[in-house]
Q: 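Sharing a structure here in structure tokens format.
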Amino acid sequence: MNISISHKNYGFVDEQNDFVDETHEFVDEQNNFVDETHGFVDEQNDFVDETHKFVDEQNDFVDETHEFVDKTHNLIFKAV
């Protein structure tokens with residue numbers, strides 16, 4: 001009698017442990033998903049930052065070129 005109750009309890013405990021293991025594994029998978037998503041978002045942010053920096057550099061280049069053209073026009077007008 002005690003042995004059969006013990007086996008039943010042991011079976012119940014096994015099921016609970018399996019449930020805990022599966023839940024833990026599920027949580028791990030979710031954490032991995034979150035980590036991967038976070039990594040992806042970071043990469044996208046880096047890409048946006050680099051693109052923004054590139055655009056800024058291009059704008060600076062355009063501004064400098066525009067300023068250079070203005071100075072050249074001024075020189076031409078003064079010379080004329």
Side-chain angles (χ1 to χ4, degrees):
M1 188 77 145
N2 286 344
I3 293 171
S4 64
I5 290 173
S6 170
H7 282 317
K8 284 180 185 174
N9 287 345
Y10 186 73
F12 175 77
V13 169
D14 278 351
E15 285 174 7
Q16 294 308 296
N17 284 344
D18 287 346
F19 177 75
V20 168
D21 289 343
E22 285 168 11
T23 305
H24 184 77
E25 187 179 357
F26 176 77
V27 169
D28 281 349
E29 285 173 5
Q30 294 308 295
N31 285 343
N32 288 340
F33 177 75
V34 168
D35 289 343
E36 286 167 11
T37 305
H38 185 75
F40 176 77
V41 169
D42 280 350
E43 285 172 7
Q44 294 307 295
N45 285 344
D46 288 345
F47 176 76
V48 168
D49 289 342
E50 286 167 11
T51 306
H52 185 77
K53 184 176 172 187
F54 176 77
V55 169
D56 281 350
E57 286 173 1
Q58 295 307 296
N59 285 344
D60 288 345
F61 176 75
V62 168
D63 289 343
E64 286 167 10
T65 306
H66 187 77
E67 187 180 358
F68 175 77
V69 169
D70 280 350
K71 284 180 181 173
T72 306
H73 282 163
N74 288 342
L75 282 175
I76 290 170
F77 289 137
K78 284 179 185 173
V80 171

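Note that the numbering runs from 1 along the sequence shown for the chain.
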Q: Per the salt bridge (charged side-chain N to carboxylate O under 4.0 Å, His left out) rule, what does the pair list look like for residues 70-80, sequence neighbours excluded?
A: Glu67-Lys71
Q: Show which side-chain atoms of residues 12-21 pair as donor or acceptor with protein atoms under 3.5 Å away, not counting sequence neighbours.
A:
none

Q: What distance do Ile76 atom CD1 and His73 atom NE2 have between them, rounded to the nearest 0.5 Å?
A: 5.5 Å
Q: Nearest 0.5 Å, what's the OG1-CD distance between Thr37 and Gln30?
A: 9.5 Å
